[in-house]
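Structure, as structure tokens:
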Amino acid sequence: MNRSGYCNEIREGHIGQRVTVCGWVNRRRDHGGVIFIDLRDRSGMVQAVFSPERQPEVHRQAHELRSEYVVRLVGEVARRPQETENPKLPTGMIEIHVDSLEVLNVAQFLPFQLDEEGVGESTRLQHRFLDLRRPEMQHNLQFRHRVTQTVRRTLDEAGFLEIETPMLTRSTPEGARDYLVPSRVNPGQFYALPQSPQLFKQLLMIGGYDRYFQVARCFRDEDLRADRQPEFTQIDLEMSFVVADDVMAVAEQVMGKIFEEALKQSLPLPLPRLTYNEAISRYGLDAPDLRIPLELTDLTAVMRHTGFKVFAQAANQSGNRGGRGLVKALRVPGGAQMTRKQIDDYTEFVAIYGAKGLAWIKLNGPWQEEGWQSPIVKFFSPEEKEAIVAATGAQTGDILFFGADRASIVNESLGRLRVKIGRELNLLNGTPFSFVWVTDFPLLDWDNEARRHVAVHHPFTAPVLADLQRLDNTAMAEESHLDEVRSQAYDLVLNGTEIGGGSIRIHDPALQQKMLALLGIEAAEAEEKFGFLLRALEFGAPPHGGLAFGLDRLVAILLGVDSIRDVIAFPKTQKAGCVLTQAPSSVDPLQLRELHLRSTYQPKG
RNA sequence: GGGGGUGUAGUUCAGUCGGUUAGAACGCCGGCCUGUCAAGCCGGAGGUCGCGGGUUCGAGCCCCGUCGCUCCCGCCA
């Protein structure tokens with residue numbers, strides 16, 4: 001045996017026993033006489049004591065120890081002397097009196113101190129192997145492990161089979177940009193890395209596996225964010241002979257177990273639900289953070305005839321779902337105390353989302369006595385003021401922010417402002433974790449640049465049956481009809497972030513073909529790109545549906561860390577590079593020749 | 001593709017109005033020290049101020065360019 005156990009397992013019950021422990025020297029405290037070291041491994045730390053009286057030779061050796069040396073030591077567990085216990089450590093009641101010390105490896109002095117806070121991420125990533133030793137990263141990755149193991153066990157017990165799907169697959173239209181892999185044996189042809197196992201899991205349902213899951217790596221070659229990496233992990237699952245409620249119930253069961261086993265908390269089920277329309281109407285976003293007790297109020301009807309042109313124009317503008325005009329208000333209780341600077345900052349903030357301005361009214365007193373402070377209040381009639389008060393429930397001391405523009409701009413800008421204000425003013429209420437299902441997403445969205453419809457979820461999502469006829473009588477034009485078609489898609493939102501999503505899929509080949517046609521994919525192209533799926537649907541495809549969780553995001557939120565890079569062992573930078581391995585890199589010209597490739601890239605200068 | 005932030009010792013940062021030899025803390029190295037746990041005390045070493053150019057008598061500081069990292073918009077079914 002190399003060691004008798006982990007550092008952090010030693011307790012008072014071991015007093016008097018001989019132990020052998022291995023680990024890293026976290027810190028040495030050399031008193032000239034007695035020397036202490038904190039020995040650290042993945043479990044935690046234990047104090048080892050070298051005294052000249054006990055083992056003079058070993059004590060001399062201990063002088064040479066430095067931070068992050070790897071050692072094995074043998075000694076006797078002893079109760080610490082009175083008044084020297086350390087309540088900050090779980091092992092703080094005891095220490096190891098060392099009888100022999102073996103230096104398994106030395107370490108150069110460190111590029112950064114492992115116990116220092118606020119070390120730059122770039123430094124940490126360059127020496128990730130050191131960063132990973134830090135207790136915080138140890139905790140994050142061990143927690144992540146707990147979550148994935150819980151998922152595996154829970155789904156296994158619910159009858160799901162874990163099945164792997166190809167990483168080298170074919171590129172399909174729609175969705176994100178693919179990562180491509182050139183084929184050596186098929187000159188000029190390319191594999192794509194999967195954006196998700198979507199089509200394969202549907203084929204597994206058609207193959208009769210009934211309940212499938214996978215901890216799947218997915219790849220998307222798009223620009224990065226704090227919660228987006230070029231490769232990321234999904235908990236992917238699919239079920240046959242189900243309706244949306246069945247899939248959501250399984251997802252809730254998994255989430256409940258994660259809370260129980262990884263967080264040691266209970267999660268009240270079932271989770272609350274909102275329809276997409278309700279979410280947009282009340283919160284402006286399809287991933288609302290329900291911890292924030294603010295809502296948007298629709299004032300469009302009230303503002304149709306107002307003397308304030310900006311509002312009147314928006315209120316009377318017609319269009320389809322996101323394009324019609326809208327006037328909405330966000331009421332912030334107590335917000336009348338905001339400074340001009342704050343309001344200017346918020347105005348700048350909403351501009352990011354296309355808002356041309358941010359109208360506001362401070363209610364310093366009752367409206368009848370002109371106690372309103374605002375650049376726009378002079379345009380409103382007494383009736384309009386009364387209607388604003390009635391609709392928003394505004395009270396003295398509040399501030400109202402207004403958005404008037406296309407619906408998509410008003411909802412997004414006020415929706416984001418709601419979140420920003422809620423977090424900045426510390427209005428978050430209730431539990432630290434707030435879940436909500438968002439259901440009944442629209443099936444299609446109009447892409448103004450491409451001049452065609454695109455799938456809101458993906459092209460295999462089934463419409464709500466009651467809306468099916470709208471697809472028929474509007475095969476070509478009549479966009480507005482198509483805008484009203486709902487899909488059987490659902491997202492799970494946690495604290496304002498989408499952490500999972502899925503849908504009931506189309507299992508009828510005719511409907512699938514019609515769907516592809518609506519997306520502007522010609523029959524020939526559909527056959528070429530999706531023929532394997534269309535054919536499979538013709539051979540007894542069961543009704544099926546599923547869902548995928550973004551594991552990185554989920555773990556990050558549960559741990560309360562800001563970036564998913566802190567829950568990934570070897571993440572990439574914003575330019576999709578790895579500072580540790582220097583990937584991506586140029587390759588030997590011979591490799592390119594074998595792949596029948598030549599780069600057209602011309603370095604600048 | 002666009003907007004914001006940032007880059008000074010190994011690390012985290014300070015650096016005034018453009019002005020003498022660029023500082024601090026921690027770390028590192030050496031010495032002292034027998035109950036510390038962010039050990040303590042004394043001493044020491046350590047800088048291409050991201051890189052390139054410009055303005056100036058003089059640039060860490062101003063200007064232009066460029067690179068890295070980061071946050072956001074677009075994009076990401």
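Labels below follow one simple rule: chain letters A, B, ... track the order of the sequence lines, proteins then strands, and each chain is numbered from 1.
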> Under a 3.5 Å cut-off for both distances, is B:rU21 Watson-Crick or wobble paired, and to whom?
Replying inline: none
> Paired with B:rU56 by Watson-Crick or G-U wobble geometry, both distances under 3.5 Å: which nucleotide is it?
Replying inline: none
> With rounding to whole Å, what would you report as the distance between B:rA9 and B:rC76 at their P atoms?
Replying inline: 41 Å
> Rounded to the Å, how far apart are A:Gln47 CD and B:rU34 C1'?
Replying inline: 13 Å
> Side chains of A:Gln55 and A:Ser100: is there a donor and an acceptor less than 3.5 Å apart?
Replying inline: no
>> I want to verify a distance call: between B:rC73, B:rU11, B:rG35, whose nearest atom is closest to the A:Tyr353 side chain?
In response: B:rC73
> Less than 5.5 Å between centroids and less than 30° between ring planes, does A:His31 satisfy that with B:rG35?
Replying inline: no
> What is the distance, rounded to the nearest whole Å, between atom NZ of A:Lys88 and atom C1' of B:rU36?
Replying inline: 12 Å
>> Just the rounded figure in Å: distance from P of B:rG44 to CZ of A:Phe109.
In response: 19 Å
> Say you pick atom C1' in B:rU12 and the same atom in B:rC72; how far apart are they, in whole Å?
Replying inline: 26 Å
> For B:rA39, does either OP1 or OP2 sit under 4.0 Å from a side-chain N or O belonging to A:Arg29?
Replying inline: yes
> Taking the C1' atom of each, how far is B:rG52 from B:rA45, in whole Å?
Replying inline: 31 Å
>> Give me the distance, rounded to whole Å, that separates B:rU70 from B:rG44 when you measure between the C1' atoms they each carry.
In response: 37 Å
>> Ignoring hydrogens and geometry beyond distance, is the side chain of A:Arg220 in donor-acceptor contact with the base of B:rC75 at under 3.5 Å?
In response: no
> With sugar-phosphate meaning primed atoms plus P, OP1 and OP2, does A:Asp30 contact a base, only sugar-phosphate, or nothing at under 4.0 Å between heavy atoms?
Replying inline: base
> How close or far is atom C1' of B:rC28 from atom CD of A:Glu116, stated in whole angstroms?
Replying inline: 13 Å
> Contact class for A:Glu85 (heavy atom, under 4.0 Å): base, sugar-phosphate, or nothing?
Replying inline: base
> Between B:rC67 and B:rA22, how far is it from one C1' atom to the other, in whole Å?
Replying inline: 24 Å
> Hey, does A:Gly92 reach any base, or is it just sugar-phosphate, or nothing, if we go heavy atoms under 4.0 Å?
Replying inline: nothing
> When you compare B:rU36 with B:rA59, how far apart are their C1' atoms, in angstrom units rounded to a whole number?
Replying inline: 48 Å
>> Could you tell me how far B:rC62 sits from B:rU16 if I compare only their P atoms? Round to whole Å.
In response: 9 Å
>> Checking contacts here: which listed nucleotide (B:rC76, B:rU36, B:rU11) is nearest the side-chain heavy atoms of A:Thr123?
In response: B:rU11
> With sugar-phosphate meaning primed atoms plus P, OP1 and OP2, does A:Pro111 contact a base, only sugar-phosphate, or nothing at under 4.0 Å between heavy atoms?
Replying inline: sugar-phosphate
> Less than 3.5 Å between a donor and an acceptor, one on the side chain of A:Arg28 and one on the base of B:rU36, is that the case here?
Replying inline: no
>> Using OP1 and OP2 only, check whether a side-chain N or O of A:Ser51 sits under 4.0 Å from B:rU34.
In response: no
>> Please pick, from B:rG35, B:rC29, B:rU11, the nucleotide with the shortest atom-to-atom distance to any side-chain atom of A:Phe112.
In response: B:rU11
> In Watson-Crick or G-U wobble terms, both distances under 3.5 Å, what is the partner of B:rC61?
Replying inline: none
> If you pin A:His63 and A:Leu110 to their nearest nucleotides in RNA chain B, which one's is more 5'?
Replying inline: A:Leu110
>> As a test of reading the structure: which of B:rA38, B:rC37, B:rC72 is closest to the side chain of A:Ile352, going by heavy atoms?
In response: B:rC72
> Is there a donor and acceptor pair closer than 3.5 Å between the side chain of A:Glu95 and the base of B:rG35?
Replying inline: yes
>> Applying a 4.0 Å non-hydrogen cut-off, can you work out what A:Arg225 is touching in the nucleic acid: base, sugar-phosphate, or nothing?
In response: base
> What's the closest nucleotide to the A:Arg565 side chain, out of B:rC73, B:rC37, B:rU70?
Replying inline: B:rU70
> Is there a Watson-Crick or G-U wobble partner for B:rC69 with both distances under 3.5 Å, and which nucleotide is it?
Replying inline: B:rG5
>> Just checking A:His63 against A:Phe50, ring centres under 6.0 Å apart?
In response: no
>> Please confirm whether the ring centroid of A:Phe460 lies under 6.0 Å from the ring centroid of A:Phe530.
In response: yes
>> Can you tell whether the side chains of A:Glu222 and A:Arg177 come within less than 4.0 Å, N to carboxylate O?
In response: yes
> Rounded to the nearest Å, what distance is computed from the CZ atom of residue A:Arg54 to the P atom of nucleotide B:rG35?
Replying inline: 18 Å
> Counting just side-chain N and O atoms, does A:Lys575 come under 4.0 Å of either OP1 or OP2 of B:rG68?
Replying inline: yes
>> Between A:Glu57 and A:Arg60, does any NZ, NE, NH1 or NH2 come within less than 4.0 Å of an OD or OE carboxylate oxygen?
In response: yes
> Is a donor-acceptor contact shorter than 3.5 angstrom present between the side chain of A:Arg228 and the base of B:rC75?
Replying inline: yes
> Nearest to the side chain of A:Glu222 - B:rC37, B:rU11, B:rC75?
Replying inline: B:rC75
>> So A:Gln574, base contact, sugar-phosphate only, or nothing? Heavy-atom distance under 4.0 Å.
In response: base
>> Quick check: on RNA chain B, is the nucleotide nearest A:Asp223 upstream (toward 5') of the one nearest A:Gly175, or the reverse? Name the residue that is more 5'.
In response: A:Asp223
> Any side-chain heavy atom of A:Lys356 within less than 4.5 Å of one from A:Asp405?
Replying inline: yes
> Just how far, in rounded Å, is C1' of B:rG35 from CZ of A:Arg27?
Replying inline: 17 Å
> With stacking defined as ring centroids separated by under 5.5 Å and planes differing by under 30°, is A:Phe36 stacked against B:rU36?
Replying inline: yes
>> At 4.0 Å (heavy atoms only), tell me whether A:Val456 reaches a base, stays on the sugar-phosphate, or touches nothing.
In response: sugar-phosphate
> Can you tell me how far C1' in B:rU55 sits from the matching atom in B:rG65, rounded to whole Å?
Replying inline: 15 Å
> Do A:Glu53 side-chain and B:rU34 base share a donor-acceptor contact under 3.5 Å?
Replying inline: yes
> Do A:Glu348 and A:Tyr346 meet the criterion of a side-chain donor-acceptor pair at a distance under 3.5 Å?
Replying inline: no
>> Using a 4.0 Å heavy-atom cut-off, does A:Arg124 contact any base of the nucleic acid, only the sugar-phosphate backbone, or nothing at all?
In response: nothing
>> Closer than 4.0 angstrom, basic N to acidic O: yes or no for A:Asp115 and A:Arg27?
In response: yes
>> What I want to check is whether an N or O donor and acceptor connect the side chain of A:Gln113 with the base of B:rU12 at under 3.5 Å.
In response: no
>> Could you check whether A:Glu238 pairs with A:Arg505 (Lys NZ or Arg NE/NH1/NH2 to Asp/Glu carboxylate O, under 4.0 Å)?
In response: yes
>> For A:Asp38, is there an ion pair with A:Arg29 - N to carboxylate O distance below 4.0 angstrom?
In response: yes
>> Within the 4.0 Å heavy-atom criterion, would you say A:Glu121 contacts the bases, only the backbone, or no part of the nucleic acid?
In response: sugar-phosphate
> When the distance from CG of A:Leu39 to P of B:rU36 is rounded to whole Å, what number comes out?
Replying inline: 21 Å
